[in-house]
Structure formats: structure tokens, C-alpha cells
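We name chains A, B, ... by the order of the sequence lines, and we start the count at 1 in each one. Given the structure is predicted, the values throughout are model-derived calculations rather than measurements.
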Protein chains: 2
Amino acid sequence: MSEKTTIYDIAKALNITAATVSRALNNNPKISQSTRKLVLETANKMNYKQNKLALALRSGKSNNVGVIVPRINTNFFASVIRGIEEELHPEGYQVIICQTHEDENREIENINTLLNAQVDGILMSISNLPDENNHYIERVIQKNIPLIFFDRKKEIKNVSSVTIDDYMASYQTTQHLLEQGCDKIAYFSGDRSLEIYEDRYRGYEQALLDNNISINKDYIINIKSNVVEGRDAVEKLLALENPPNAIFSTSDFAALGAIQKLKEHGIKIPEDFCVFGFGNEPFTKFMELSISSVDQSPLEMGKTAAQVFLEKINNKENKKSEIQVVLMPKLLIRQSSTRIASI
Amino acid sequence: MSEKTTIYDIAKALNITAATVSRALNNNPKISQSTRKLVLETANKMNYKQNKLALALRSGKSNNVGVIVPRINTNFFASVIRGIEEELHPEGYQVIICQTHEDENREIENINTLLNAQVDGILMSISNLPDENNHYIERVIQKNIPLIFFDRKKEIKNVSSVTIDDYMASYQTTQHLLEQGCDKIAYFSGDRSLEIYEDRYRGYEQALLDNNISINKDYIINIKSNVVEGRDAVEKLLALENPPNAIFSTSDFAALGAIQKLKEHGIKIPEDFCVFGFGNEPFTKFMELSISSVDQSPLEMGKTAAQVFLEKINNKENKKSEIQVVLMPKLLIRQSSTRIASI
DNA sequence: TAGATTTGTGTAATCGATTACATGATGTTA
DNA sequence: TAACATCATGTAATCGATTACACAAATCTA
């Protein structure tokens, strides 16, 4: 009924041993052509499918890799995952996706679950694992399971990473806004305990300093990546004695909220106020007022992270080395920040 | 080094056998309190983690379930998956997500991969598996693995399903557009070989007939779910001798494209033209002109599908029954279709 | 043609956890 | 105290595939 054919069934049918069947199926050279042909035919006829669990148990390789992301319903993470799958499926790996929903405990749970599932590697974009919980990471490293951070990384020994140059992206964006004539640029930051947000902040800061503009702390607002927080932040900014004339938001969603609120206040974009987002979510392009944003090459990021994993798993000598790949960001300058037509 | 503690290691450390260790860890009553305590302490000290692969091999249960969707980067599917995870994680299941990208071969590959991985169940939203490939589905059923369709289903014996009442959603939407004074309603259809699209079409058709409006075949356009197809479809419609004054799009993305193009033609929405979408993608709410849409309760759909799976896996008698759950759709009437303020 | 080599299969251990059955050590009852 | 129940633990098979080693038959060499 439940119809599970094993190599023992095939062996019995042909009056040989399971070892021979296994050899025939695995192209082991120590087998006669006639037997091989017979086994392959019978296996086919009996609809044999290799039991990956048995294989995994014996070999110690599950052929699963785990991917941990904050959430999958943004274009960015969905595209990274697609990139990972495109590289890994052809190599015979299944991808197990876990979401943290930005919850630190969930992140730890996910790591444990993946380790229990005996994954061969973990690719993750960290949520906000505090330093005191680094031992969860250490356990992965000790087990000799390749760990690769993408996008949101943390500097840890023996852990590889694939990121974009967030500092550069941020510097260039700020520079662009200055060139558009915006001299009072507010900044929506993410949690700066994460490297990417720290790097982006530094880029913003350095660009201002290089243009002899001092930092106004009132312009720096911490937000979460959603529309409502963008709206609220604008309310705060407009209430200032000296309100800004541009916003650089490290989240497209917050940028959208900001634009909504600015319009409600009758402020004209980009004439009176420029807005720049980050992430190139599809909607930024579709809006009536298209939103400028930084493209993070998510597909490429996913593919690269997968390649780093393969590199680590295949070259045992390299296992302990840290591979760090930094991709180049692309500024997509759209209507929300274009006062002066570019060349 | 690689530090894998097994029950044998614990047994050796305590000078007892693995069987006893196993019993202690599994709360087997046939064990003394003192031994149990000792084993648990030692297991903890040695950082023991159960090897799920060995467990899976022996029990025949992998504690993995497969989810197959066309893609994960829409809010709808991402939310369904979240719902599935929320129900299944607490029960100890891991969710393996596969994307088909609407490709029929990819769909077959995914089914095979999941079967190889010995998943305990498959939840899927089919892409466009043609009837002649039904034997891939049959194989799943024969293996006695619960199969549950959600959203995009197919009528197959022994397969359960969770859907919304697409006919009703479509009927009510059409009725709503008629009440807004739109008497020439164009319809963007998906592939009608899929039940949901057939049902939606029937709802549209019946609502028109019930209002004594005959079907204009020129108004029925087949589209794929993206912005560009929506734009192109509008071009075709506006070129008609007798163009429509409303569009009911079974895709939010196509509805967005349609609105863009209509505006480019200087057509006022909703005054001159109403548009209604389907799916309640987040952007529909955020647009300057918010887009009316049908909410499909994706979170609830995912949770329900997961519950059906649990029902099937736990009650062996029910395994052969087909459970079919139909959720109620919710019309979200926003600016793009509101000429007459509702009560 | 005796001895060496090659070739194809079989035997049995292994991966880690579970569990039916066996066994020995207690405790209980008449 | 003989007979028996109870309790805790050990023994060994099992899940399915792979592979080092053993071995017999076929082939080759001088």
C-alpha cells in the first residue's frame, strides 16, 4: 500500500544483495554492465526513490541548508532567497526558510531548529542578536557548519558575509541630495547596533562633514521599517523650529509614509522637499510620484551567498577562512528627489 | 572537535546503555527517578541534541512539511506561509518552501524533491499542472501523504482544500461596480483552467446576467498578474469602439497598471472609470488613489490549511476523507471604485 | 598449467534513536 | 519461605543506504 521500495526490495526481486544494488545505482565501477542494467531497470519498474533520510544519517550530510531572514514578504528578502535557491537547487540542496519577525528569541529558536535538522549550512540575515547571545553562533561554528551572513551582518570570527557597500550607498545618496540643493537632510535610521545601519549612518555623516555641514541631531530619527513610522517621523520633523528640506530614509516603507504625510501638509515633492528611500521595493517605481531608492542587488546577493557556502563546503582547507564579499549599490534616482535633471 | 553528542556518549559516561538513556530522555515511565535525573543532567552538560535524522529514519516521520507556491514575494503567499508556520512550528514541524515560478516542470520537480525529502505532508497552491500530469499527484496520495491545496486548487479525489469563495467575491464585486453606475465592466481574467479563475469568471458573468446585462466578449481579457499586462490591456480596451467604464481585475498588480494607463489617458478615477482589484496587496492601500480590492484572508487560509494537515495526520480514520474549507472573502471598497459614498 | 591478477558479489559494520523482549533484582503475598 | 508481581535495566533488532573487507570465479602470464 504505502509502496516504499528500498534497495532491499530490489535485491530480493533480483536475488542479489543490497550492496550490489547500491553499487549499481551509484555508478560504482566495480559492477558488471549486465547487473547494472538489470538493477536500473528493476529500480525504475518498482518506482524506487532513494531515501534521503537514510543517506543523510549515514553520510552526515542532510543536503539541506537553512536560511534565516527577518521576514519573507519584502521584495528584498524574497529575491535574495530566490537567488540562493537558483544556485543551490542544481547542486542538490533543499532550502529551509525560517523567519524571525525581528524577534531575538525566534532567531535563537531558528538556529537550534536548523541545527537539529542537521542542515549543512546556514545563511542568515541577523535581526538583532545581541552580543551576549553570540554563543548560539559559536555553536554553529564549532559544529563546523558554514555560516554566512548576508546584508545584515555582524563581525564574528570564522563567519563569512555578503553585503553591499552600505557606507558608499549612503554617502552617495547624501551627496546626491546635497547636489539637488537640499541642505537640511533628515535621516531615518534603523537599529545602529546592526552594522549595516551603522555604516549607512557613517556614510550620511561623512558626506555632510565633507560638505561642511554640521550634524543636526534633531534630524536623526530611529524608525522601524514601516509606513506608519515614516508618517510619525515627519510629524516630528515638521514640528521643529527649523525643519529639514529632505529625508534620506533607510527604509522604502518609511519613505512612503513620509511622502504621504508631507503631501497631506501640502508640501510639494520634489520642489520643496526631496525624499530618498532604500531597498528598491517594487512599489517605489510604481507610485504616481516614483520614489528614488538604493538598489541592493538582492538576487546577486543571494547567489553570491550561496556560492560562498558551496566554496566552504567543497574546499575543506578554506573552511576556516572568512570570505567577505561586498557588492556595489546602485542609486536609482527617480522623481521624489529630482529637482535638477541629471545629464 | 565536531562535538556531536549521541545517546551512546551519554551512556558511556554514565556506564549504562543507550536504551536507558533514550528512555530517560523520552519520559518513559519504566525508569527510576534517580537515573532519569542523572541522564538529564549529563545530557545537558554534554550539550546533547537529538539527531532528528535518525529519529526520522526510524519513525518514518520527518517532521517536515512541504509548501509549494508560485512565488513568495507577494503579500498573499508570504502571509499564507506565515499562517502555516504559526500553526505548525508549535507542533514541531519545519516548513520547507518551494517556488514554482508558475513553471509546470518546476512544479513536478518540487513535488519529487519533497517526496525524496520524506515530508509528512504537502500544502500547495498549484500553478498550472495540466490533467495529463495528475499522476504526480496520485503518487503523493498513494504514499499516504496528506495533500492540501490552498487558494489555487484542483478537484482531485482524496485531496483536501482551503479556498475562499471566489464565486461570491466576484459576484459581489461586480454587483458593487454596477451599483456605482458602471454598466460596462471589463474583466481581467487569470488562466481559467484553474478553478479559482473559473469561479471568479462565473461570479462576474452571473452578476451581469442577474442585472440583465449581456456579456461583451471584448471586455474579457486574459492577463498575467503584473503591472505591464494591466497597462497593455487598457490600451486594448480604450481602442474599442465602445470602451468600458470599469475594470474588475483579478490581480492587484494588473489593476495598478490599468490605473496608471488610464490616468495617462486623462481619464478620471473614479468619476469616469472605476477599478477594482483582487488580493489586497499592501500597496493598494498606500496609493495616492487607494485601490479597492478583495481580501483573501491569507493568514487565516494558511492557518486553516495547516489545521487540515494536522487533522489528517493525527486522525488516521479521516485520512482518506476530503476536507474542503471555504473561507469568506471581504470586499475592501476604497477610492478607486467609490463614486457613491456607502452608508 | 601453476600461480598471479582482475572482476563481481557477498558479508557485515555503520550512522543515532527507539522499543519489543529478556533478565535480574527487588518487594509482596499467603 | 516459596511463588509471584513489579521495577529498572540490558540485549538486540530495526529504519535504508553505503562501503571496507573478504572471497570466489574468471582471466591472464610465463
Whether B:Thr6 contacts C:dG16 is assessed here as follows: a side-chain N or O lying under 4.0 Å from the phosphate OP1 or OP2. Is that the case?
no
Is it the case that the side chain of A:Arg36 and the backbone of A:Asn28 share a donor-acceptor pair, with hydrogens and angles ignored and the cut-off at 3.5 Å?
yes
Just grab all the salt bridge (charged side-chain N to carboxylate O under 4.0 Å, His left out) pairs involving residues 299-308 of chain B, residues at least two apart or on different chains.
B:Glu86-B:Lys303
Give me the atom names and distance for the closest heavy-atom approach of B:Arg23 to B:Lys30.
CD-O, 4.3 Å
Apply the test side chain to side chain contact (heavy atoms under 4.5 Å, CB included) to residues B:Leu327 and B:Val162: give CA-CA distance (whole Å), side-chain angles for both, the deciding distance (0.1 Å), then the verdict.
CA-CA 7 Å; B:Leu327 305 173; B:Val162 180; 4.2 Å; yes
Would you say A:Ser32 reaches C:dT9's phosphate, i.e. side-chain N/O to OP1/OP2 under 4.0 Å?
yes
Measure NZ/B:Lys4 against C1'/C:dC15 and give the value in whole Å, please.
9 Å
Which of these passes side-chain contact (heavy atoms from CB on, under 4.5 Å) with B:Ile68: B:Ile122, B:Ile126, B:Leu123?
B:Ile122
Based on the rotation axes of five pairs at each end, what angle does the helix from C:dT1-D:dA30 to C:dA30-D:dT1 bend through, to 10°?
50°
Smallest separation among heavy atoms of A:Ala43 and A:Leu25, with atom names
CB-CD2, 4.1 Å
Step by step, would you call B:Val308 with B:Phe150 a side chain to side chain contact (heavy atoms under 4.5 Å, CB included)?
CA-CA 11 Å; B:Val308 171; B:Phe150 58 87; over 6 Å; no
For B:Leu53, answer base if it contacts any base atom (sugar-phosphate contacts may also be present), sugar-phosphate if it contacts only those atoms, and nothing otherwise; contact means non-hydrogen atoms under 4.0 Å.
nothing
All N/O contacts under 3.5 Å from nucleotides 18-20 of chain D to the protein, with atom names and distances to one decimal?
residue, atom, partner, partner atom, Å
D:dT18, OP1, A:Asn26, OD1, 3.3
D:dT18, OP1, A:Asn26, ND2, 3.4
D:dT18, OP1, A:Gln50, NE2, 2.8
D:dT18, OP2, A:Ser22, OG, 2.9
D:dT18, OP2, A:Asn26, ND2, 2.9
D:dT18, O2, A:Arg58, NE, 2.9
D:dT18, O2, A:Arg58, NH1, 3.2
D:dT18, O2, A:Arg58, NH2, 2.8

To the nearest 0.5 Å, what is the distance between NZ on B:Lys312 and CZ on B:Phe309?
11.0 Å
What's the NZ-P distance between A:Lys12 and C:dG10, to the nearest Å?
15 Å
Salt bridge (Lys or Arg N to Asp or Glu O under 4.0 Å) assessment of A:Glu104 paired with A:Arg106
CA-CA 5 Å; A:Glu104 168 195 342; A:Arg106 196 75 163 253; over 6 Å; no
Comparing nearest nucleotides in DNA chain D, the 5'-proximal residue of the pair B:Ser59, B:Lys30 is B:Lys30
May I have the distance from B:Lys37 (atom NZ) to D:dA8 (atom C1'), rounded to whole angstrom?
18 Å
Over how many whole Å does the gap from A:Lys52 atom NZ to D:dA17 atom P extend?
11 Å
D:dG16 P sits how many Å from A:Met46 CE, rounded?
13 Å
5′-ward residue of the pair B:Asn15/B:Leu57 relative to DNA chain D:
B:Asn15
For A:Asn51 and D:dC15, give me the distance from atom CG to atom P, rounded to whole Å.
12 Å
